[in-house]
Amino acid sequence: MSLPPDLAQRTGAIADVLEDVLARWEDEATGSERARDGLRGASHALQRFRDEGLSTARPLEPLEDAAACVERALLDVDASERALFEEARAEIVALRLAALDRIGPGAPAAHGPKVEVGTFRASVGAPSLRHGVEVPPIALLPPELQIDDEPDEEETQAAPNEWATGLALETPELAQLKELARDTMEDLGVLGGLRRPLPEEPWTAPVQFEQRLLAQLDALFALARASHPAQPKLELIRELYAYVTEWAIPDVARTFSLAMSLACIDGEAAARWLMGLLRSAHPRTHEAFADALLLGPSPAIPAAIAARLTSTEPSRALVTLLEVARRRGDIDPAAVAVLFAHPDAEVVEAVACAAVRLPKAMAVPLLTDTLDAKDARVSSAAAEALAVLGVVDGAEALRTTLQAHVARGGSQEAGPAVVRALRTLACLGRGEDAELVLNAARVVPDGLEWLGVYGSPAHLDVLLSAAEGAGTPDALRGLEHMVGGIWDIDPKRLARDPERTAEVAADRSRRREAAKGAPGRLRRGESHKGAATLVAALCDPEARASYRADWAFELTLATSGERVLVVEDWISRQRATLEAMRTATK
C-alpha cells in the first residue's frame with residue numbers, strides 16, 4: 001500500500017523542518033554531535049516511511065525510529081531549540097496514529113496485532129475533541145483541594161497524594177511516559193499564559209504560541225493512547241491531577257493544563273470534573289478555568305454550567321461561570337432569572353452583564369427591574385446591558401450617574417459605576433452627550449481616553465492641550481483613537497533622532513488640520529461609520545491588544561447586541577467571526 005498523499009505531505013513537512021535545522025547547525029557550526037546524529041536518523045527514517053509506504057510487514061517501524069531519534073536529540077539541545085523538537089516529536093506521534101488508522105483491520109502492525117484506537121485528529125487553529133479518554137469518577141477527588149493564601153514554608157510542598165501519584169510498581173516504559181507527559185503539561189501551562197498578548201502587542205502576535213499549545217495538547221493525548229496491548233497505559237487525568245496538587249500554592253499554569261485537557265474530552269464525566277475542581281479552587285486560578293471553559297470543544301460544557309448556576313455554588317465560582325456563559329453565548333434563561341435575586345451583589349452584577357446574551361424579550365424586564373438596585377455597581381451593570389440592547393432607559397440611567405458625578409466636581413472618587421457610565425456613553429457617541437462626556441472626561445481618572453473614543457472634532461483642542469502639556473497617557477491614547485498616528489513616543493527618544501522628530505511633527509500637524517475640519521465623529525483619522533469602522537479596526541492584524549476589548553464592546557453597542565466578538569477566544573475563531581462580520585457590513 002503506497003503512502004496516501006496527505007500522509008506523504010505531512011511526513012515531508014516534518015522532514016523538511018528537521019533538515020533545515022541540521023543545515024543551519026552545519027552552517028553555523030553549532031549543535032552537538034549527538035543531536036546531529038538524532039536529526040540525521042529521524043530524517044532518514046521519515047524518508048524510509050515515504051519510500052516504503054504502508055505495505056511492508058512493519059509499516060510503522062520507521063515512524064517509531066524517527067520518534068526515538070528526535071527523543072535522542074532532545075537530550076542534548078539548547079533550551080531555545082527544545083520547543084521546535086518537542087513539536088516535531090508530537091507531529092511524528094500524531095502521524096503514526098494517523099497512519100495506524102489507515103492500515104486497516106487485517107494489516108500487520110509494528111509489534112503485533114492492531115489495536116483499534118479510533119481517529120486522532122490533529123488540532124489546527126482550535127483543539128480537537130477527544131473521544132474515549134478514561135476519566136475516573138469525580139468521587140475520587142480528594143476534598144482538601146482548597147489552598148491557603150500564605151502557606152507555611154515547610155508546607156509549600158504538599159503531602160503526597162497516594163491516589164494522584166499512583167506510586168505502585170511501574171515499568172521503565174511507564175516511567176518514561178510519565179516523564180514525557182509531565183514535560184508536556186509544563187509546556188501546556190506556560191503556553192496558556194503566552195497566548196495572551198501583552199497590552200501593546202498586536203493581537204495576532206501570540207498565534208505561534210497558540211499553535212504550539214495545540215501541538216502540546218495533541219502530544220499529551222497521544223501519550224495516553226495505547227496502540228498495542230503490550231504498551232503501558234498512561235492514566236492521563238490522574239497524572240494531571242497529581243501535577244496540579246503536588247504544590248500547596250495556587251498555580252494558574254498548572255491549573256490551566258488540567259482544565260484545558262478536561263475541556264477537550266468528550267462526555268459528561270470530564271465536565272463534572274471541571275465543575276468540581278472550580279468549586280473548590282483558589283480564586284487566583286479561576287482565570288485558568290474561565291479560559292479552558294471558553295476554549296475547550298467539549299459539548300458537555302454548556303449543560304454543566306447551566307446545572308451549576310442553579311445549584312448552591314460559592315459566589316466566586318458563580319461569577320466565573322457567568323463570565324464563561326457570557327463569552328460563549330450559552331446562557332440558560334431559567335438559571336439567569338433566578339440569579340437576579342442572589343444575595344451577593346457581585347453575582348447579580350455578573351448576571352446583569354451576562355443577560356445581554358439572553359433573548360431581548362426576557363432580558364429587558366429583568367434588567368429594568370435591576371436599575372433601582374441599592375448597589376451602584378449592580379444598577380450600572382443593568383443600565384449598561386440595557387444600553388447594549390438599545391433600550392433608552394439604560395443610557396438615561398448612565399447619564400444620571402455621570403451628571404451627578406460631574407455636579408460634585410469629581411470631588412468623590414470615580415467608582416466603577418461612574419467609569420462604566422463614561423465608557424458606555426463615549427462608545428455610544430450620541431450628539432446630545434458631547435458636553436457631558438467632555439466634562440466627565442476632565443474629572444474622571446484616565447477619562448481623556450474616552451473623550452478620544454467619543455471622537456468629536458470639537459474636543460480635539462482639549463486632547464492636544466493635555467497631550468502637549470503634561471503628556472498624560474490617557475490623552476495620548478485618546479488622540480490615537482480619534483486621529484490615528486503614534487502619539488505615545490518617548491520625547492527623549494525623539495530628541496535623539498531629529499529626522500524622526502520632523503516626521504512625527506509633520507504627521508501630527510497633518511492629522512490636526514484634517515481632524516479640525518471633519519464632520520461628525522472620527523476614529524483613527526477617518527469618519528466613524530459605526531459597525532463597519534469597528535469591524536475594520538478589529539480586523540487590523542497590527543491593532544494593539546489593549547484596545548480590542550473596548551472596540552468589541554463598542555461594536556455590540558453599535559449593533560444592539562447582534563454582533564459579538566470574544567477577544568479571549570482562539571485567534572482562528574476570531575478571524576472567522578470577523579470575516580463574517582466584514583462580509584455582512586459591506
Side-chain angles (χ1 to χ4, degrees), residues 1-22 36-75 84-124 128-133 171-174 176-177 180-181 184 214-234 236:
M1 185 190 304
S2 61
L3 203 60
D6 60 327
L7 294 185
Q9 184 178 6
R10 289 174 65 180
T11 305
I14 300 170
D16 288 345
V17 170
L18 298 180
E19 288 166 7
D20 286 347
V21 173
L22 185 58
R36 290 189 188 189
D37 286 343
L39 280 191
R40 293 189 192 99
S43 180
H44 292 158
L46 291 169
Q47 183 61 51
R48 183 155 57 92
F49 180 62
R50 278 193 289 184
D51 293 342
E52 295 176 355
L54 302 177
S55 57
T56 65
R58 300 163 68 88
L60 302 181
E61 186 177 55
L63 293 180
E64 294 173 351
D65 291 344
C69 288
V70 172
E71 194 65 46
R72 192 161 60 248
L74 257 171
L75 297 173
L84 186 147
F85 280 80
E86 287 166 352
E87 286 184 40
R89 177 182 63 192
E91 288 294 330
I92 293 170
V93 170
L95 178 60
R96 181 186 183 280
L97 291 166
L100 187 63
D101 288 331
R102 298 293 185 89
I103 291 174
H111 297 292
K114 181 180 183 292
V115 176
E116 293 295 338
V117 293
T119 302
F120 190 99
R121 298 187 181 278
S123 301
V124 180
S128 294
L129 182 64
R130 303 300 173 187
H131 304 277
V133 179
T171 63
E173 292 84 357
L174 181 57
Q176 185 179 29
L177 269 180
L180 288 172
T184 307
L214 295 172
Q216 294 300 324
L217 267 175
D218 288 350
L220 189 59
F221 282 108
L223 290 170
R225 287 165 58 98
S227 57
H228 186 276
Q231 180 180 326
K233 186 174 181 181
L234 180 74
L236 179 60

Work out which heavy atom in [X] is nearest to a heavy atom in [Y]; give both atom names and the distance.
X	Y	answer
Asp65	Arg48	OD2-NH2, 2.8 Å
Phe85	Val70	O-CG1, 3.6 Å
Leu220	Ala181	CD1-O, 3.9 Å
Ala15	Arg50	CB-NH2, 4.2 Å
Phe49	Ala99	CZ-CB, 4.0 Å
Cys69	Gly38	CB-O, 3.2 Å

Report task. Check whether any side-chain N or O of Asp218 sits under 3.5 Å from a backbone N or O of Ala122 as a donor-acceptor pair, and report yes or no. Result ->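 Not a single qualifying donor-acceptor pair exists.
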**Report entry** Flag, side chain of Thr184 to backbone of Gln216, donor-acceptor distance under 3.5 Å
**Finding:**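 Not at all, since once roles are kept as given, no pair shorter than 3.5 Å links the two residues.
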**Report entry** Arg225 side, atom CZ; Leu236 side, atom CG - distance, nearest 0.5 Å
**Finding:**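 Between atom CZ of Arg225 and atom CG of Leu236 there are 12.5 Å.
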Requested in this report: Given side-chain contact (heavy atoms from CB on, under 4.5 Å), test Leu95 with Leu7 step by step and report yes or no.
Outcome: CA-CA 7 Å; Leu95 178 60; Leu7 294 185; 3.8 Å; yes
Requested in this report: Could you tell me whether Asp37 and Arg40 have a side-chain N and a carboxylate O separated by less than 4.0 Å?
Outcome: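 Salt bridge flag = yes for Arg40 with Asp37.
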Report task. Just do the side-chain contact (heavy atoms from CB on, under 4.5 Å) check on Leu18 and Leu46 with the steps written out, would you? Result -> CA-CA 10 Å; Leu18 298 180; Leu46 291 169; 4.0 Å; yes
Query raised in the report: For Thr11 and Glu91, what are the C-alpha separation, side-chain angles and deciding distance, and is it a side-chain contact (heavy atoms from CB on, under 4.5 Å)?
Result: CA-CA 9 Å; Thr11 305; Glu91 288 294 330; over 6 Å; no
Query raised in the report: Ser43: what forms a side-chain hydrogen bond (donor to acceptor under 3.5 Å, both in side chains) with it, not counting sequence neighbours?
Result: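 Here the qualifying residues are Glu19.
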Query raised in the report: With side chains defined as the heavy atoms from C-beta onward, is the minimum distance between Leu54 and Pro4 less than 4.5 Å?
Result: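 In short, these two side chains touch, coming nearer than 4.5 Å.
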